[in-house]
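Written below as structure tokens is the structure these notes are about.
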Amino acid sequence: MFFDFHHHAKDKQGIYNLNFLENPVETAFSVGFHPKDLDFITEKSWEWFKKSSLSAHCLAIGECGLDAFVPTSEKEQEEVFSRQILWANEIQKPVIIHCVRRFSELLRFSKIARVPLIIHGFNKKETIAKGLLDKGFYLSFGRAVLHNLSLQEIVKNTPIDRFFLETDNTDFNIEDLYRKVAALKGISLEDLQEKILQNRLRMGF
């Protein structure tokens, strides 16, 4: 009933984020190279990634993206990110994006994508949200919406067909987030659940 777009716990429903080199699970998951893992990638890692991504249980590529705080160079991060997007294009699965202080660089990747790009755990400024939405990105919101007033305003202004809700790596009841967002949007909980379902179908999952 309460779809959890992105999480790291195998006992939750929604899309589980597969860990680096972890064997695929028998429930819905995503697979990708997080920026923190890039220094450990080998050709065998790419084989694992591609094989895992072809599983019927794999709904998306990711989380992958750009991070200003990891030691890997910007150039290498962008090369690995581009390669994952191109593979997502080939197998037609959406991309779950991790981005930390690299949003200006991120925008240009929309030019090579032929699948939906979703920023997970979005909690930045209104101007960044608008720039991403204008470029066709989707946003996924998490626990911060429960207490961050500026983020609540962003949720209000984000088109209902352009977002998801998630727990990420936090431990809380996602139903609380659904209820908060329904109130912010001025719609019923049931209507919000239906809209999220429609967004899922648009993504192909």
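By the neighbour-count criterion of 12 heavy atoms within 6.0 Å, atom CG of Asp171 is sparsely surrounded, having that number or fewer from other residues, nucleotides or ligands. Other residues, nucleotides and ligands contribute only 12 or fewer heavy atoms inside 6.0 Å of the CZ atom of Arg101. Residue Gln198 places its CD atom among more than 12 non-hydrogen atoms of other residues, nucleotides or ligands, all under 6.0 Å distant.
Residues Thr167 and Lys12 have side chains that bring a donor and an acceptor to within less than 3.5 angstrom of each other. Asp168 and His7 form no side-chain donor-acceptor contact under 3.5 Å, judged by distance and modelled atom types alone. Using a 3.5 Å distance cut-off with no hydrogens or angles, the side chains of His98 and Asp67 do pair a donor with an acceptor.
Looking at Glu153 and Lys156, a side-chain N of the basic residue comes within less than 4.0 Å of a carboxylate O on the acidic one, giving a salt bridge. Under a 4.0 Å N-O distance rule, the pair Glu79/Arg83 does not qualify as a salt bridge. Classification of Glu190 and Lys195 as a salt-bridged pair fails, no side-chain N sitting under 4.0 Å from a carboxylate O.
Judged purely by atom type and a 3.5 angstrom limit, Asn199 uses its side chain to pair as donor or acceptor with the backbone of Ile160. When atom types are taken as modelled, the side chain of Lys185 and the backbone of Thr158 share a donor-acceptor pair closer than 3.5 angstrom.
Taking Lys10 as the reference, Glu22 meet the side-chain hydrogen bond (donor to acceptor under 3.5 Å, both in side chains) condition, with sequence neighbours excluded. Residues passing the salt bridge (charged side-chain N to carboxylate O under 4.0 Å, His left out) test with Glu194: none are found, sequence neighbours excluded.
Separation of the Phe109 and Phe81 ring centroids falls under the 6.0 Å cut-off. Taking the six-membered ring wherever Trp is involved, the centroid distance between the rings of Phe29 and Tyr16 does not fall below 6.0 Å.
Judged by the 6.0 Å and 45° rule, Arg200 forms no cation-pi pair with Phe205.
Here the OH-CZ distance, from Tyr138 to Phe163, works out to 12.5 Å after rounding to the nearest 0.5 Å.
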Sequence neighbours left out, cut at 3.5 Å: what donor-acceptor pairs do the side chains of residues 112-127 make with other protein atoms?
| from | atom 1 | to | atom 2 | distance (Å) |
| --- | --- | --- | --- | --- |
| Arg114 | NH1 | Lys111 | O | 3.1 |
| His120 | ND1 | Glu166 | OE2 | 2.9 |
| His120 | NE2 | Glu63 | OE1 | 2.9 |

